[in-house]
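Naming convention: chains lettered A, B, ... in sequence-line order (proteins, then strands); numbering from 1 in each chain. Just so it is clear, the values below take in all heavy atoms, side chains as well, and ignore hydrogens, waters and symmetry mates.
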There are 2 protein chains.
Amino acid sequence: MIDRYSPEKIYMQISKAIEADIQDVFEPGDLYLSEKVLTEKFGVNRHTVRRAIEELVKQGILEKRHGFGTFIAEKRLAYCIKGHQRFTESVEANDLLAESTVLNKKVISARGGVAEKLQLKNNDEVIQVDSLRKVEGKVAALITHFIPKDICPAISEKYESGSLGEFLKAESNIQPKRISSLVSSAMPNAEDSFRLGMASSQPVLKVKTVNEDTQTGRRIEYSITRFRSDMIQLEILINT
Amino acid sequence: MIDRYSPEKIYMQISKAIEADIQDVFEPGDLYLSEKVLTEKFGVNRHTVRRAIEELVKQGILEKRHGFGTFIAEKRLAYCIKGHQRFTESVEANDLLAESTVLNKKVISARGGVAEKLQLKNNDEVIQVDSLRKVEGKVAALITHFIPKDICPAISEKYESGSLGEFLKAESNIQPKRISSLVSSAMPNAEDSFRLGMASSQPVLKVKTVNEDTQTGRRIEYSITRFRSDMIQLEILINT
DNA sequence: TCATTTCACTTGTCTAGACATCTAAAACTA
DNA sequence: TAGTTTTAGATGTCTAGACAAGTGAAATGA
């Protein structure tokens with residue numbers, strides 16, 4: 001099974017063998033073989049097996065849990081590679097993706113980027129809302145909204161789900177309008193990759209948006225959206 | 001220097017110590033201490049030092065070259081974190097970024113995505129041009145263009161640098177117009193991360209663009225741009 | 001019954017050493 | 001001088017073994 005005279009390193013041979021093994025026999029979510037079993041199966045040292053597994057974890061194919069075992073990762077990267085079935089969203093749409101769940105709400109003091117984008121003074125009160133957006137039942141994005149508290153204090157109590165834009169219209173007679181969007185690519189922090197249910201080795205697509213009120217011109221919302229890069233791509237629409 | 005009774009793992013202690021050491025004493029591009037020296041300095045096994053260095057390589061702070069040594073990485077992540085000094089480019093602009101260098105040109109057979117986007121039959125001839133775009137002398141993006149060969153065979157010989165759009169106008173009396181852009185985030189392949197001079201642990205921002213000729217409506221160019229995520233962010237312009 | 005402790009098993013960390021592979025420069029040779 | 005070979009030193013791979021730390025279930029206790 002292992003060719004010790006091949007120029008290909010043993011850990012890479014094992015890594016590929018495991019990858020093939022997974023696709024033949026295992027399902028996403030299954031517990032995979034332990035390091036001890038693999039050590040005996042391939043006739044190599046445990047550290048070599050660990051190195052092979054490390055490759056697959058890096059690729060998002062396996063996941064480990066200290067003291068418990070190694071798992072076949074839920075579809076992720078494979079999803080994207082197989083069918084190029086990524087969802088295409090438009091940044092022109094004010095409220096992306098249908099389903100929405102609020103994760104938490106809190107009042108913070110404006111500072112740095114938030115104060116700047118919302119044109120507030122430091123320590124002005126801002127409501128922060130973190131919410132999860134799903135597509136076909138799967139988590140696709142994580143959005144952090146910042147809204148000056150005086151604009152719509154009702155958010156803290158009432159807003160639970162659905163479109164935040166619609167909520168603002170209904171509660172505060174405000175017509176939000178997107179005035180700028182900045183798109184970038186970055187690695188997710190540990191919390192975000194966990195919430196998005198994705199491998200921490202995969203990047204996210206970040207969109208920072210500022211909305212103002214059509215009538216008054218006041219900045220009313222700043223949001224940072226992190227899309228799962230294996231699920232979502234953005235389409236830029238052209239106005240002709 | 002190392003606390004063997006701390007709950008913090010030794011390799012993490014060393015990793016942090018090295019990180020501090022780098023910021024105090026070393027400059028980007030410098031050759032760092034060898035594993036042997038670090039082994040003696042910290043009084044641990046070589047594998048433990050390697051594990052510590054691995055962390056920093058993952059973070060894009062150090063870089064290794066087999067058989068030569070370990071280097072302080074050129075500014076990258078730090079660059080972005082420190083000043084938020086990323087360049088902002090607009091996807092509306094047809095030719096992003098001033099300086100351009102052609103890396104290679106070749107004629108290929110259309111298939112898959114290329115054939116589809118350019119609305120060609122399989123095996124139709126397509127000219128592929130890879131070029132490097134710089135901002136302030138630094139590599140910022142890598143672009144792969146695909147142009148049906150019959151539209152402008154002169155590219156193979158004549159096109160050397162500058163705007164490909166301008167070249168097409170001059171040579172073939174064509175008015176390119178962007179008809180769609182898809183933006184996504186992904187990890188770079190080994191070749192791309194090398195050419196972009198970035199850590200392979202950092203993602204790229206990918207933009208796939210299709211251009212057509214204003215007059216005939218024919219698809220004349222399909223390009224895939226990979227931006228260094230630590231240098232470039234895209235601004236979405238709003239036409240009001 | 002329910003809470004606690006033990007236990008078997010998992011992955012994680014660290015050590016020690018051998019040999020492979022790669023690099024750049026020094027030494028050598030024509 | 002120019003090209004080749006050697007060599008020292010760097011990182012890369014693999015082995016072997018010990019102990020740490022986390023998990024979940026089984027055994028134990030009140």
Backbone of B:Glu8 reached by a side-chain donor or acceptor of B:Gln13 within 3.5 Å: yes
C:dT21 base / B:His66 side chain donor-acceptor hit below 3.5 Å: yes
Side-chain donor or acceptor of A:Thr48 paired with backbone N/O of A:Val44 under 3.5 Å: no
By ring pair (Phe, Tyr, Trp, His ring centres under 6.0 Å) - contacts of B:Tyr11 (at least two apart): none
Axis-to-axis angle between the two ends of the helix from C:dT1-D:dA30 to C:dA30-D:dT1 (five base pairs per end, rounded to 10 degrees): 0°
side-chain N/O B:Lys64 vs D:dG12 OP1/OP2, d < 4.0 Å: yes
Ring centroid separation B:Tyr32 to B:Phe26 under 6.0 Å: yes
Residue met sooner reading DNA chain D from 5', once A:Arg4 and B:Tyr32 are mapped to nucleotides: B:Tyr32
Nearest-nucleotide pick for B:Ser34, side chain only, options being D:dT11, C:dA24, C:dT13: D:dT11
Under-4.0 Å salt bridge between B:Lys64 and B:Glu35: yes
side-chain N/O B:Arg46 vs C:dA16 OP1/OP2, d < 4.0 Å: no
Residue-phosphate contact under 4.0 Å: B:Arg50 side-chain N/O, D:dT11 OP1/OP2: no
Residue whose closest nucleotide on DNA chain D lies nearer the 5' end, A:Arg65 versus A:Arg51: A:Arg51
B:Ser185/A:Ser229 under side-chain hydrogen bond (donor to acceptor under 3.5 Å, both in side chains): CA gap, chis, key distance, verdict: CA-CA 5 Å; B:Ser185 173; A:Ser229 60; 4.8 Å; no
